[in-house]
There are 2 protein chains.
Amino acid sequence: MEAGTVLDLNQLRRSCGSCALHELCLPAGIDRQDMERLDTAVRDKRTLDRGKLLFRQGDAFHALYVVRSGSLKTYVENPAGDAQILGFSLPGEIVGVDALADDRHQCSAEALERTSICELPYSMMQQVTRDVPSLHRQLMRVISREVVAEQSHLVMMGRQQAQERLATFLRSLSERYGRLSRDTATLTLPMSRYDIANYLGLVVETVSRLFGRMEDAGILSVNRKTVRILRPDLLAGLCGNARPLPRGREAG
Amino acid sequence: MEAGTVLDLNQLRRSCGSCALHELCLPAGIDRQDMERLDTAVRDKRTLDRGKLLFRQGDAFHALYVVRSGSLKTYVENPAGDAQILGFSLPGEIVGVDALADDRHQCSAEALERTSICELPYSMMQQVTRDVPSLHRQLMRVISREVVAEQSHLVMMGRQQAQERLATFLRSLSERYGRLSRDTATLTLPMSRYDIANYLGLVVETVSRLFGRMEDAGILSVNRKTVRILRPDLLAGLCGNARPLPRGREAG
DNA sequence: CGGGACATTGAGTGGCATCAAGGCGTGTGG
DNA sequence: CCACACGCCTTGATGCCACTCAATGTCCCG
């Protein structure tokens with residue numbers, strides 16, 4: 001249960017060393033002494049209800065954030081008012097690095113469900129990275145990983161067809177679930193079909209149809225928020241330049 | 001002339017303090033003392049001929065680079081062999097930050113013309129960022145800017161039509177030319193139509209047709225590599241959700 | 001002057017968006 | 001507990017934008 005997970009995490013001491021996720025957000029190169037100094041810099045965590053904003057595009061930069069439980073979407077809005085979702089953030093993943101460029105958030109971050117957040121205030125960050133060289137290196141690593149993730153998103157948007165995009169999205173999500181020691185075959189999607197479509201540069205009808213076709217092909221079993229990956233091998237095949245799956249039901 | 005520009009730069013002392021571009025690649029927060037320490041870390045610059053690679057996807061990370069003159073394209077290749085161009089790098093812009101994530105380049109960088117490069121070796125970088133806190137902050141700023149640039153690219157790929165993409169691309173290029181104190185109305189495109197199309201997630205024929213329509217509409221004058229922006233106001237209008245320009249010649 | 005890469009132009013097609021209608025699940029109030 | 005409404009999702013029909021295929025034009029370089 002979701003509430004159970006949140007409670008467990010709440011019971012953890014408020015400390016990076018004892019955080020179940022510290023290997024995710026700080027994978028390497030931090031020794032015990034450095035860890036203690038980081039602990040003192042991380043502020044009380046916050047909890048956001050579904051739909052609540054962690055920060056808004058244009059806000060002054062105050063802190064970097066790490067998701068502890070739950071999930072976020074980050075998106076930019078253009079003057080005309082429509083949005084592009086840049087990514088979804090799962091536990092252990094960092095949010096807010098776009099604001100380091102000019103001390104102002106370039107995107108908004110919204111909770112997709114009840115979500116718990118770690119906060120590393122800016123002022124503390126400066127001091128910590130000065131005192132703890134290994135953390136500095138680690139932080140650059142994490143930010144660079146952000147760059148690489150966006151590059152993959154770009155490749156998807158630029159070169160892949162709708163079917164490949166959805167397959168790639170599901171595979172990526174499954175892989176990230178694996179890193180969280182969750183079942184990689186049973187995805188519980190915290191985001192709506194509209195969000196998925198937007199993230200993939202498609203419309204919701206297209207996503208819905210593609211789910212249907214993948215189900216007909218025996219690759220997935222789809223039920224609302226729950227997607228079961230029945231044939232990971234076939235799903236992987238759809239990420240390349242495979243032929244589109246047939247449209248009509250019972251056509252295979 | 002291009003050759004002249006390169007020669008002028010070659011004659012500069014090999015020092016960040018005297019580099020005409022240091023305000024671009026190191027915009028703020030570096031005092032004289034720090035600058036001198038940085039100087040000693042920046043290795044002799046390299047020169048690449050058109051088509052030569054600065055680094056290749058998968059290469060071990062050795063250094064970050066800044067373009068001094070000329071230009072680069074960065075791109076990723078998928079197993080199937082086709083590429084997605086991630087961006088074009090003009091003088092003063094940094095290249096290679098994607099490799100900080102796991103010490104291996106995630107994309108390739110290729111010279112679009114004869115190009116001169118500054119090199120900040122990895123070993124030096126570690127030492128310098130340790131000794132020079134302001135440079136550390138500055139480096140994070142530059143990397144974050146990379147993140148923001150990719151976000152804009154993503155918005156373009158996800159939500160904009162072909163015509164808006166090309167208009168946005170030309171405006172962005174014009175703005176960057178301005179920062180280099182070049183004429184913002186006369187763009188000399190170092191990249192091919194294929195490269196532009198690929199970057200925008202289109203095919204070359206579409207780009208060619210769009211150039212034609214914008215010329216017919218009196219917005220541009222296009223001659224091979226030379227694009228003159230005659231009506232910046234109308235070009236800006238095309239970046240939003242404007243109606244497509246008419247197809248036939250003499251239709252306005 | 002000829003070859004080849006790059007660029008333009010035209011005709012036809014297809015994938016995805018758009019428009020429209022209906023199903024399903026959830027929450028709310030009576 | 002049920003009725004209702006609303007949001008989310010699915011499914012179908014149609015149209016259009018950009019891709020594909022093909023041919024010609026243009027520049028550059030040997």
Side-chain angles (χ1 to χ4, degrees), chain A residues 49-51 73 82 84 112-113 156-167 188-216 220-227 238 241-251, chain B residues 2 49-51 73 82 84 112-114 156-167 188-216 220-227 238 241-251:
Chain A
D49 281 331
R50 174 192 157 95
K73 65 176 172 186
D82 47 23
Q84 171 66 46
L112 295 171
E113 55 196 313
M156 200 171 69
M157 299 290 247
R159 304 253 72 78
Q160 298 191 197
Q161 306 236 84
Q163 178 180 278
E164 306 175 66
R165 295 187 201 186
L166 184 58
T188 305
L189 305 177
M191 71 291 287
S192 71
R193 297 285 193 273
Y194 286 88
D195 286 341
I196 296 173
N198 185 297
Y199 173 77
L200 298 176
L202 304 169
V203 294
V204 66
E205 295 94 327
T206 301
V207 170
S208 187
R209 274 183 258 270
L210 288 170
F211 270 130
R213 279 179 227 172
M214 292 188 193
E215 200 167 17
D216 292 347
L220 305 178
S221 118
V222 182
N223 190 297
R224 290 244 147 201
K225 300 287 188 197
T226 304
V227 173
L238 293 187
N241 41 358
R243 72 187 55 190
L245 293 168
R247 243 171 320 204
R249 298 258 160 183
E250 313 297 320
Chain B
E2 198 52 44
D49 282 330
R50 174 192 157 95
K73 65 175 172 187
D82 47 24
Q84 171 65 47
L112 294 171
E113 56 196 312
R114 191 169 174 79
M156 199 171 72
M157 299 290 247
R159 305 250 73 77
Q160 297 193 198
Q161 307 236 75
Q163 178 180 278
E164 306 174 66
R165 295 187 201 186
L166 184 58
T188 304
L189 305 177
M191 71 291 286
S192 71
R193 296 286 192 273
Y194 286 89
D195 286 341
I196 296 173
N198 185 296
Y199 173 77
L200 298 176
L202 305 170
V203 294
V204 67
E205 294 95 327
T206 301
V207 170
S208 189
R209 274 184 257 270
L210 289 170
F211 270 130
R213 279 179 227 171
M214 292 188 191
E215 200 168 17
D216 292 347
L220 304 178
S221 118
V222 182
N223 190 298
R224 289 250 148 196
K225 299 288 187 194
T226 304
V227 173
L238 293 187
N241 41 357
R243 71 187 56 190
L245 293 169
R247 241 171 322 205
R249 297 258 160 184
E250 312 298 320

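Letters A, B, ... are given to chains in the order of the sequence lines, protein chains preceding strands, and every chain is numbered from 1. Remember, predicted model here, so these are calculated numbers, not experimental data.
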| task | Using only heavy-atom distances, decide whether a donor-acceptor pair under 3.5 angstrom links the side-chain of A:Arg213 to the base of D:dT11. | result | no
| said: Regarding B:Glu205, tell me which of base, sugar-phosphate or nothing describes its non-hydrogen contacts under 4.0 Å with the strands shown. | reply: base
| remark: Taken to the nearest whole Å, CG/A:Leu166 to P/C:dG15 is 17 Å
| Which listed nucleotide (D:dC9, D:dC19, C:dT8) is nearest to the side chain of A:Ser192? | D:dC9
| query | So does A:Arg193 get a side-chain nitrogen or oxygen closer than 4.0 Å to the phosphate oxygens (OP1/OP2) of D:dT10? | reply | yes
| query | In whole angstrom, what separates A:Tyr194's OH from D:dC9's P? | reply | 7 Å
| request: Could you state the atom-to-atom distance from CD of B:Glu215 to P of C:dT9 in whole Å? | output: 8 Å
| message | It should be established whether A:Thr206 places a side-chain nitrogen or oxygen under 4.0 Å from OP1 or OP2 of nucleotide C:dA17. | response | yes
| Proximity to the side chain of A:Arg224 - top-ranked nucleotide from D:dT20, C:dC16, C:dC24 | C:dC24
| field | Length of the line joining A:Asn198:CG and C:dA17:P, which is rounded to integer Å | value | 11 Å
| Flag, side chain of A:Gln163 to backbone of A:Leu245, donor-acceptor distance under 3.5 Å | yes
| task | Scan A:Ser208 against the nucleic acid and name what it touches under 4.0 Å (heavy atoms): base, sugar-phosphate only, or nothing. | result | base
| request: Look at the side-chain N and O atoms of B:Lys225 and state whether any lies under 4.0 Å from the OP1 or OP2 oxygen of D:dC27. | output: no
| query | Below 4.0 angstrom from OP1 or OP2 of D:dC17, is there any side-chain N or O of B:Gln161? | reply | no
| note | Between CZ of A:Arg165 and P of C:dA17 the distance, given in whole Å, is 8 Å
| said: On the side chain of B:Arg209, is there an atom forming a donor-acceptor pair with the base of C:dG10 - under 3.5 Å, no angle test? | reply: yes
| Taking CZ from A:Arg247 and P from C:dG14, how many angstroms apart are they, rounded to a whole number? | 10 Å
| request: Would you kindly give the CG-to-P distance between B:Leu202 and D:dT20, to the nearest whole Å? | output: 11 Å
| note | Whole-Å distance, B:Leu210 CG to C:dT9 P, equals 12 Å
